[in-house]
Amino acid sequence: MPVPDDLTGTLDGQGTTAAPASPGARGRGQGDLRSLTPAALAARVKAAGEPSFRAEQVFRWLHEHAVTSWDAMTNVPPRLRERLGEAGQGILNPLQLDTEQVSVDGTRKMRFRTEDGRSIESVLIPEERTAEEREELGAGGRDKLTLCVSSQVGCALDCGFCATATLGFGRNLTAGEIVQQVYIAAARAGRRPTNLVFMGMGEPMHNFEQVTKAFALLIHPWGAAFSPRRITVSTAGVVPKIGELGKLTPAPNLAISLNATTDEVRDRIMPINRKWPIAELLQAARAFPLAHGRKVTFEYVLLAGVNDSDADAQRLPRLLKGMPSMVNLIPWNPFQGPQFQRPSAERIRSFQELLRRHDVQTFIRTPRGDDIDAACGQLAARATPDVVQLRTPS
Ligand code: SAH
């Protein structure tokens, strides 16, 4: 379903204004104002001969209110708006929402188009709180709304079970393109997501600089001010970057797509394992600093006859022994192409039961949005004729 062009809004879905027409194709990233840190924005403001407090005002419009038009920045003098937005300098809207599909289970998949005509996808997943969570959180415990964001156009990894891999690598997204997914999704949902996960298209650790910059923008008190505890970066296992991520203060949560219990199987389904085998990956996970009560999440895509045996279920607890961790079991979500199969519900349950017997905290992630190809590993931003078209530069 195509969405109207005037899609805008603040993080709580209020106060929308019309977006200006795109000034056409420009150098990606360099003019993307939403990618600028407060310090970089302050430098632009200074260069324009304006006092430094204007930088906070502009930053707040861009990240707290997430406006999509210059006119909406009512307390910013028009001369500064013009300077910042001058041709080639200031892209306000690095992404446009192209299409949106809503699943029968409420999951919402959004496809965005970049300035250079690429397509990426994000998925909003509403989840009701459990009775226990409600009790614990009291009246303030709103239903969970998780947004799964993309970090790259396509992906360079070649995981055999993942639809995004079939696209190959396009390019890294800018921090502005990453945060804009969050802002547009919040406007569409009418409320801000409670949790953000970098589990959409791409390998976040292959785009470390922009992903960590987006993280810094998203937690900034002048901006959306997300709690770092509500943001999770998921990796297929780029070991050196796990160490770097752990050095950030604050750091986001870490998720690791483990998906196998032997190097033999992991080498086959995730070629990155040939570079950083399971032992090295788990060593990096163990070294990741965890705040009190936090855990490393392990994702484990269940593939029938490949990684779902009793022996796997017995090896997994040994691999994770002593590490504060939990395991998300993800029954494989099909897409056209590979010859994998999802294990039976019974097999999945007994796999989980075996893990539990060894005190592994584990959840089965029921597929969400699979009727609209929005479930884990199904994001391929399939182009339809109306979206592959590049906008004509004006
Ligand atoms: N590159 C990052 C983030 C994107 S993949 C990473 O590997 O973690 C997000 C999650 O989806 C990963 O845990 C991956 O194992 C899982 N996944 C990929 N394809 C899948 C599929 N077809 N069915 C179920 N899960 C899948």
Side-chain angles (χ1 to χ4, degrees), residues 107 109 120-123 125 146-170 172-173 178 181 196-208 211 214 231-239 241-242 245 252-261 265-266 268-273 275-276 278 281 284-285 288 296-304 306-308 325-343 348 362-370 372-382:
T107 300
K109 180 165 83 169
I120 55 155
E121 291 176 334
S122 315
V123 182
I125 309 145
T146 301
L147 178 68
C148 179
V149 295
S150 291
S151 56
Q152 297 182 314
V153 178
C155 188
L157 298 175
D158 198 18
C159 303
F161 48 82
C162 177
T164 307
T166 63
L167 300 172
F169 177 63
N172 282 331
L173 295 181
I178 295 170
Q181 294 172 59
L196 300 179
V197 293
F198 283 83
M199 294 182 189
M201 295 165 69
E203 168 51 46
M205 301 295 203
H206 279 172
N207 186 15
F208 192 78
V211 164
I231 302 181
T232 300
V233 174
S234 178
T235 179
V238 185
V239 164
K241 297 293 177 195
I242 294 176
L245 193 75
N253 299 312
L254 175 67
I256 291 180
S257 301
L258 187 59
N259 299 343
T261 62
V265 172
R266 200 166 191 269
R268 213 157 19 98
I269 59 175
M270 299 180 75
I272 193 175
N273 195 67
K275 193 156 186 187
W276 292 294
I278 293 176
L281 178 56
F288 192 80
V296 177
T297 301
F298 287 91
E299 293 146 289
Y300 197 96
V301 182
L302 284 163
L303 306 163
V306 177
N307 63 2
D308 67 338
S325 59
M326 61 177 180
V327 175
N328 270 338
L329 297 173
I330 315 174
W332 183 66
N333 293 307
F335 59 94
Q336 255 187 354
Q339 299 303 309
F340 292 110
Q341 266 172 4
R342 182 186 291 184
I348 296 169
T362 158
F363 303 95
I364 297 172
R365 209 188 276 167
T366 28
R368 299 294 306 266
D370 50 350
I372 54 166
D373 288 342
C376 294
Q378 291 186 317
L379 300 187
R382 270 188 206 100

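Side chains are part of it too, since the values below use all heavy atoms of this structure and drop only hydrogens, waters and symmetry mates. The structure presented is a predicted model; accordingly, all values stated were derived computationally and were not measured. Position 1 is the first residue of the sequence, and the numbers go up from there. Whatever order the structure lists ligands and atoms in, that order sets their numbers, starting from 1.
Residue contacts with ligand 1: A163 is excluded, as none of its non-hydrogen atoms falls under 4.0 Å. Not close to ligand 1: C148, with no non-hydrogen atom less than 4.0 angstrom away.
For E203, heavy-atom contacts with ligand 1 shorter than 4.0 Å involve the backbone as well as the side chain. Under 4.0 angstrom from ligand 1, the non-hydrogen atoms of N333 come from both its backbone and its side chain. With a 4.0 Å cut-off on non-hydrogen atoms, N259 touches ligand 1 through its side chain and not its backbone.
A distance-only check finds no donor-acceptor pair linking the side chain of E203 to the backbone of A156 [under 3.5 Å]. A distance-only check finds a donor-acceptor pair linking the side chain of T235 to the backbone of G237 [under 3.5 Å].
Heavy-atom proximity to A236, at under 4.0 Å, picks out these atoms of ligand 1: 6 (C), 7 (O), 8 (O). Each of the following atoms of ligand 1 lies closer than 4.0 Å to a heavy atom of G202: 1 (N), 2 (C), 3 (C), 4 (C). Heavy-atom proximity to T235, at under 4.0 Å, picks out these atoms of ligand 1: 6 (C), 7 (O), 8 (O). Near E299, meaning under 4.0 Å from one of its heavy atoms, ligand 1 places the atoms 10 (C), 12 (C), 13 (O). Close contacts between ligand 1 and C162 involve ligand atoms 18 (C), 19 (N) [criterion: under 4.0 Å to a heavy atom].
Residue P331 places no N or O, backbone or side chain, under 3.5 Å from any N or O of ligand 1.
Checked against salt bridge (charged side-chain N to carboxylate O under 4.0 Å, His left out), R266 has no partners two or more places apart in sequence or in another chain. The ring-ring contact (aromatic ring centres under 6.0 Å, His included) search around F208 returns none, not counting sequence neighbours.
Checking T261, N328, I256, D308 one by one against Y300, the side chain to side chain contact (heavy atoms under 4.5 Å, CB included) holds for a single residue, T261.
A heavy-atom distance below 4.5 Å is found between the side chains of Q378 and P334.
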